[in-house]
Amino acid sequence: AQSVTQPDIHITVSEGASLELRCNYSYGATPYLFWYVQSPGQGLQLLLKYFSGDTLVQGIKGFEAEFKRSQSSFNLRKPSVHWSDAAEYFCAVGSPSAAGNKLTFGGGTRVLVKP
Amino acid sequence: DAGVTQSPTHLIKTRGQQVTLRCSPKSGHDTVSWYQQALGQGPQFIFQYYEEEERQRGNFPDRFSGHQFPNYSSELNVNALLLGDSALYLCASSAVNTEAFFGQGTRLTVV
């Protein structure tokens with residue numbers, strides 16, 4: 001069965017500092033991988049996705065993520081955090097048979113940005 | 001393009017009652033998935049509808065049922081509500097070879 005682990009429940013970072021959120025997945029083959037962001041009481045917005053090809057993917061809002069097959073990881077990074085990046089971030093894995101198919105989410109990492 | 005729209009935004013129900021949540025997919029999408037997100041947790045897959053049929057189902061009891069209409073919109077029905085059904089219910093739509101786009105969710109509170 002597929003699973004996703006986000007080891008950090010909360011992360012506090014100063015505005016302007018770099019941010020890295022960890023994600024480890026378990027899947028029988030190379031899955032589709034996603035990072036979503038959720039503001040309080042809101043739905044999920046897609047930040048970036050990995051289907052195949054270049055293992056470093058660029059997303060919206062200055063985020064990037066790197067797929068490392070050997071480590072079963074898909075960590076999210078941002079070089080310089082803005083106060084508006086305070087939110088909850090979810091890593092998700094999906095079946096490579098169809099991009100819109102069932103997603104399995106991690107438990108999320110809540111990011112707090114200090115001024 | 002209005003994106004994925006869900007209604008209502010919030011609702012409060014009593015234990016034992018039944019509830020229906022609605023979702024209109026993004027234009028051009030034909031597949032609708034439903035997720036339950038309990039407070040402080042990641043979303044969990046309930047089921048997915050395609051061509052008016054349930055195509056995949058997660059680990060949820062039969063009290064959770066759904067429907068998809070010819071215009072691709074969808075309903076989620078929950079019978080015999082329990083306190084533990086209180087959650088944010090998210091609808092996501094997709095098409096062949098597209099990722100899922102999520103709505104803003106319906107916050108259900110069971111009292």
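To find a chain, count down the sequence lines: A is the first, B the second, and so on, and within it residues start at 1.
Contacts between A/Gln6 and chain B at a heavy-atom distance below 4.5 Å are absent for every atom of the residue. For B/Gln104, the parts lying under 4.5 angstrom from a heavy atom of chain A are both the backbone and the side chain. Of the atoms belonging to B/Gln44, not a single heavy atom falls under 4.5 Å from chain A. In this structure, chain B has heavy atoms under 4.5 Å from both the backbone and the side chain of A/Leu44.
By the neighbour-count criterion of 12 heavy atoms within 6.0 Å, atom CG of B/Asn59 is sparsely surrounded, having that number or fewer from other residues, nucleotides or ligands. Atom CZ of A/Arg77 has more than 12 neighbouring heavy atoms from other residues, nucleotides or ligands inside a 6.0 Å radius.
Checked by atom type, the side-chain pair B/Asn71/B/Ser73 shows a donor-acceptor distance below 3.5 Å.
Here A/Arg22 pairs with A/Asp8 in a salt bridge; the nearest charged N to carboxylate O distance falls below 4.0 Å.
Inter-residue side-chain proximity for A/Leu103 and B/Glu99 is flagged as unmet; no heavy-atom pair is nearer than 4.5 Å.
Most heavy-atom pairs under 4.5 Å with chain A: of the set B/Cys91, B/Pro43, B/Gly40, this distinction falls to B/Pro43.
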